[in-house]
Amino acid sequence: MSIEITKVTARIGARVSGVDISGPLAPEQVGAIREALNVHKALVFDDVRLDDAGQQAFARHLGDLTTAHPTVGAVEDAPNVLPVDSERGRANHWHTDVTFVLNPPQASTLRSLTVPPYGGETLIANAAAAYRDLPEPLRRLADTLWAEHTNDYDYAVPDEEIDEEKAAQRAQFTSITYRTAHPVVRVHPLTGERGLFIGGFAQRITGLSAGESRKILDLLQAYVTRPENVLRHRWSENQLVLFDNRITQHYAIDNYDGRPRRLHRVTVAGDVPVGIEGKESYSIEGDASHYTPLAA
Ligand SMILES: O=C(O)CCC(=O)C(=O)O
Ligand SMILES: [Fe+2]
């Protein structure tokens, strides 16, 4: 059996077959998966027979795991597994996972447990294609910018949707404030590819006012979310999606009428981002070393 990679769209996403990720993997198989991830940014594995331990073991092939989340609790008896449950909040905003810490996860895995009968797709965008799409003057501007990412910002939730439980979840999410400055254009450490590294936790462009920051971030973000740069993944049960968190953003569409939807997330610890001039991200507030070991 040899690994087969089949593109899902021109710019992002591929299905991987010919490898059983529930068992031990040979170094060549891990190498082929890593290579496919570098090229396609998001990989879909169908009919996986994994439990939490198996998902953790698979993710560990790519590096050390983070604990489930800096501030949100793990699945019982699985400290590296974050429950992604429609009951516990919905990630229907564009983001890159946990970019408010100094070394955000390099990769995320999502495994489907319960899939709603309709809707509930995950959008995943290629932030490198977005960077390449920028007209030259905007690319030159982006190259010079840094952004502050934080978990503590003004999440817009309509008042009628705030109930006690949601307020408690929000309080837990922001129970420790993190703030980190990252380059707006990040160089991928394995491929040298440049990508826009912004997303929902990027709230402020260093040196600009909040209002100016919003305009610049919105302008750049529009290139990330261009339909050509986005994979719309429709879940079926027992799938695993692996995406490169260094060079993508994602969005969980809230279009399933509150029907049950449950995924489990395991993330792989990442490196400290580096900008095009070799300068590293720096922490402004909050030490997340308990959450994510610094990957070598
Ligand atoms: O529910 C999804 O499809 C994605 C959830 C998400 O963004 C996350 O867990 O990081
Ligand atoms: Fe996410």
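For the numbers below, each heavy atom of this structure counts, side chains included, while hydrogens, waters and symmetry mates do not. Atoms within each ligand, like the ligands themselves, are counted from 1 in listed order.
One distance of note links OG1 of Thr122 with NE2 of His233; it measures 6.5 Å at 0.5 Å rounding. With rounding to the nearest 0.5 angstrom, the CD atom of Gln56 is 11.0 Å from the CG atom of Leu50.
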Asp52 vs Arg111, salt bridge (Lys or Arg N to Asp or Glu O under 4.0 Å): CA-CA, chis, key distance, verdict: CA-CA 9 Å; Asp52 288 330; Arg111 176 170 61 95; 2.7 Å; yes
Hey, mind stepping through Tyr178 and His149 against ring-ring contact (aromatic ring centres under 6.0 Å, His included) and telling me if it holds? CA-CA 8 Å; Tyr178 296 96; His149 295 233; over 10 Å; no
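A salt bridge does not link Asp244 to Lys41: none of the charged nitrogens lies less than 4.0 Å from a carboxylate oxygen. Using a 4.0 Å cut-off between charged side-chain N and carboxylate O, Arg179 and Glu285 make a salt bridge.
Counting only distances under 2.8 Å, and ignoring water, the protein N, O or S atoms around the Fe ion (ligand 2) are His95 NE2, Asp97 OD1, His250 NE2.
Protein neighbours of ligand 1 below 4.0 Å, counting non-hydrogen atoms: Val84, Ala91, His95, Asp97, Leu110, Thr122, His250, Ala252, Arg261, Leu263, Arg265.
Each side-chain hydrogen bond (donor to acceptor under 3.5 Å, both in side chains) pair with one or both residues in residues 123-141, not counting sequence neighbours, appears once here: Arg11-Asp133, Tyr131-Asp143, Tyr131-Arg194, Arg132-Glu193, Asp133-Arg226, Asp133-Asn229, Glu136-Arg139, Glu136-Arg140.
With no hydrogens or angles considered, no side-chain donor-acceptor pair links Thr150 and Asp152 at under 3.5 Å.
Through direct or indirect side-chain contacts shorter than 4.5 Å among Ile, Leu, Val, Met, Phe, Trp and Tyr, Leu190 is connected to no other residue.
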